[in-house]
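Notes follow the structure.
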Number of protein chains: 2
Amino acid sequence: MSTIEDVAKLAGLSRTTVSRVINNHPYVSEDKRKLVIEAMNQLGYVPNSSARSLRSQKTDVIALFVPRIMNPFFSQLVESMEIAAAEQGYQLIICQTRYSPEKELNYMNLLKMKQVDGVVLASIQNDWKVLEPFLDYGPIVLCNEFDEQANVPSVMLDQVHGAYIATKHLLEQGHRRIAYCRGSTRSNVASHRELGFRKALAEYGIEFDEQYAFRDAFHSEDGRRVFHQMIALSNPPTAVFTGSDEVAAGIISEANKHGCSVPEQLAVVGFDNQEITELMKPTITTVHQPVDKMAQKALEVMIEKIHSRKYKQREVYEFPLKLIVRESTVSNKLAKL
Amino acid sequence: MSTIEDVAKLAGLSRTTVSRVINNHPYVSEDKRKLVIEAMNQLGYVPNSSARSLRSQKTDVIALFVPRIMNPFFSQLVESMEIAAAEQGYQLIICQTRYSPEKELNYMNLLKMKQVDGVVLASIQNDWKVLEPFLDYGPIVLCNEFDEQANVPSVMLDQVHGAYIATKHLLEQGHRRIAYCRGSTRSNVASHRELGFRKALAEYGIEFDEQYAFRDAFHSEDGRRVFHQMIALSNPPTAVFTGSDEVAAGIISEANKHGCSVPEQLAVVGFDNQEITELMKPTITTVHQPVDKMAQKALEVMIEKIHSRKYKQREVYEFPLKLIVRESTVSNKLAKL
DNA sequence: CTGTTAGCGCTTTCAT
DNA sequence: ATGAAAGCGCTAACAG
């Protein structure tokens with residue numbers, strides 16, 4: 001394992017000069033620079049990362065917090081962010097909170113021990129007041145999250161509008177009894193969507209009906225359960241808005257199994273535009289989220305904060321969502337138009 | 001930002017004693033220990049990670065290489081490995097090679113610059129001879145991969161057997177013209193599966209027929225294409241083995257669309273046991289892979305190597321795969337037995 | 001049981 | 001344009 005000292009010796013120069021070459025500093029004559037580079041190659045030298053970090057007080061590593069990876073939405077977020085980070089010369093440490101405030105808090109120490117230059121929160125499990133003190137140690141950027149109290153940048157998607165256009169679409173198809181599904185995370189995402197859902201209903205003069213509301217639907221299995229709960233109602237809904245394509249797929253799968261035809265007897269709209277939406281029969285109408293753009297922007301903001309060292313400022317960046325109409329809300333022939 | 005020095009001063013002791021407390025070393029009297037802990041709490045002290053790494057020559061960080069995250073198989077691998085790592089006090093840096101040998105090689109420098117204690121390769125893009133020199137800088141463990149030349153531990157799944165039981169299942173259902181799909185990665189996984197497929201055919205005295213072989217099927221879209229290629233054959237297959245549930249789903253989706261009934265006219269078997277297998281209609285017969293066990297074992301082996309410092313030794317750990325029979329290979333009534 | 005001291009490998013003033 | 005030297009924060013001989 002060769003060090004900068006070895007390189008300096010071999011090149012017949014000082015450590016300082018070698019360091020200058022490594023960091024592309026000016027004031028190094030061309031011939032010395034060549035000497036150094038040759039020595040580095042000859043020794044297969046690579047600077048020691050811990051030593052650099054200790055000295056320069058930066059690690060070029062960013063921590064990304066997600067509840068879990070095996071949720072397609074978060075997989076995509078991680079994938080996009082890793083690509084963006086790599087382009088900027090940053091590494092990504094993945095932290096799965098698994099919805100646990102303790103785990104989240106524990107991972108936060110990465111910032112305090114200076115193992116990472118910043119934290120991107122794609123999930124918040126603690127009250128902001130608990131997280132805020134960590135701002136003394138480095139930047140925190142919210143991604144796909146939002147908190148009224150948080151005085152930090154927030155890069156997010158316009159969930160209110162997303163739910164609004166999806167619901168409006170159902171209303172335009174003539175539906176008036178529309179069920180509503182969401183997961184019950186403490187995240188703002190779910191509540192923003194509910195706002196959008198209610199807004200669309202309101203425009204049509206329809207009251208939000210609690211008997212049609214299912215706030216514990218996360219996975220496809222939950223979708224199956226919700227389907228049964230819906231058809232058991234005395235006056236079942238004719239359409240259902242869901243907060244995820246998996247739940248939508250679960251509902252459709254169960255509907256198929258029980259001879260309930262989608263969309264004729266029950267229209268279904270999903271969320272996320274995952275691959276499954278094109279594989280189910282019928283294909284699923286859904287809301288597309290520009291996850292990669294959001295991830296890229298969040299990373300860009302993160303890096304800016306790392307450099308500017310001004311962490312405690314609220315900034316909100318919002319991206320629009322797009323409705324994608326498929327067969328699960330419009331009968332076959334019409335969808336092809 | 002307080003340092004160990006601050007803690008020492010506040011406690012009226014030396015840095016050494018504080019360090020001993022931090023690292024749970026023996027020979028510290030109970031009262032001094034309490035003094036130190038109190039001082040640490042009072043200052044909100046956390047040891048600086050770079051300084052520790054520089055001094056102790058370890059980072060407690062492991063790099064995990066995957067081609068990409070948004071492949072459900074790899075998502076699960078990352079998820080499982082992150083959990084295992086966290087339990088052992090390790091962080092995980094994610095490296096997406098995106099099937100590029102250059103990117104892979106570049107990420108390998110993490111080992112050389114001592115930014116990570118070891119590398120888990122869940123994907124190999126370079127010849128082993130190219131990777132081997134990095135063993136001078138730290139351990140490399142293969143996970144879900146295997147290389148004849150690699151003199152390092154390999155934790156893998158018995159792909160030969162997996163493909164064998166899946167194919168045998170089709171043969172037992174009476175199929176004799178069985179198509180074969182795989183992705184064409186340089187990975188051993190695909191070739192091992194082909195071995196298993198061929199072995200099953202051989203047992204039934206059937207020759208591998210190249211016209212039924214599709215070696216460029218990765219995603220659901222490829223499945224759709226393969227479906228059309230299959231039915232265009234003069235003597236189309238009655239069953240198809242695929243290397244992934246997505247491809248299987250694509251085939252089934254397209255078959256449904258074209259009035260080709262599964263499994264009656266075409267039996268389909270997938271691979272991975274992803275959620276989609278239970279959502280499609282018909283549900284998909286598939287091969288379950290114990291990804292979490294593999295990830296856990298790989299991490300365990302990695303940590304053992306980090307401690308033992310003996311990297312260049314071949315060890316193979318193999319986990320069995322399991323066939324899960326659903327509707328896509330057996331007509332409805334029978335599957336319920 | 002506790003403290004003194006010497007670095008780990010690097011970057012960065014400050015001279016020259 | 002180049003080098004000498006200090007020190008980032010921590011751990012581990014070594015001495016007592």
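Only this structure's heavy atoms are used, side chains among them; waters, hydrogens and symmetry mates stay out. Just so it is clear, the model here is predicted, and its values are computed rather than measured. Throughout, a chain's letter reflects where its sequence line sits, starting with A, and its residues are numbered from 1.
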In whole angstroms, the gap separating C1' of C:dT4 from CG of B:Leu13 amounts to 14 Å
Original post:
Looking at C:dG3, does its base get a donor-acceptor pair with the side chain of B:Arg20 below 3.5 Å?
Top reply: yes
Atom CE of A:Met1 and atom P of C:dG9 are separated, to the nearest Å, by 9 Å
Salt-bridge criterion met for B:Lys305 and B:Glu315 (N-O under 4.0 Å) | yes
Closer than 4.0 angstrom, basic N to acidic O: yes or no for B:Glu304 and B:Arg309? no
Less than 4.0 angstrom from a charged side-chain N to a carboxylate O is my criterion; do A:Lys312 and A:Asp136 meet it? yes
- OP1, OP2 of C:dC1 versus side-chain N and O of B:Lys32: anything below 4.0 Å? no
Exercise for the section: Please state whether the phosphate of C:dT11, meaning OP1 or OP2, lies under 4.0 angstrom from any side-chain nitrogen or oxygen of A:Ser19. Expected result: yes
5'-most contact on DNA chain C (nearest-nucleotide basis), A:Asn48 vs B:Thr17, goes to B:Thr17
note: B:Arg52, atom CZ; C:dG9, atom C1'; distance rounded to Å ~ 19 Å
* To do: Output yes when at least one side-chain N/O atom of A:Tyr45 is less than 4.0 Å from OP1 or OP2 of C:dC10, else no.
  => yes
Between CD1 of A:Ile4 and C1' of C:dT11 the distance, given in whole Å, is 8 Å
Residue B:Lys129 excluded, over 12 heavy atoms near NZ under 6.0 Å
yes
Whole-Å distance, A:Asp31 CG to D:dT2 P, equals 7 Å
Between CG of A:Leu54 and C1' of C:dC10 the distance, given in whole Å, is 8 Å
>> Any base atoms under 4.0 Å from B:Pro47, or only sugar-phosphate, or nothing? Heavy atoms, all strands.
In response: sugar-phosphate
Separation of C:dC10 atom C1' from A:Asp6 atom CG, nearest Å, is 13 Å
Give B:Thr16 one of three labels, base, sugar-phosphate or nothing, depending on what nucleic acid heavy atoms sit under 4.0 Å from its own.
base
_Mind checking if A:Ser29 touches a base, just sugar-phosphate, or nothing, with heavy atoms under 4.0 Å?_
sugar-phosphate
Taken to the nearest whole Å, NZ/A:Lys58 to C1'/D:dC8 is 15 Å
task: Mind telling me whether B:Tyr107 and B:Phe65 have parallel, tilted or perpendicular rings, with 30° and 60° as the class edges?
output: perpendicular
Ranking D:dT11, D:dG3, C:dT4 by distance to the side chain of B:Ser14, first place goes to C:dT4
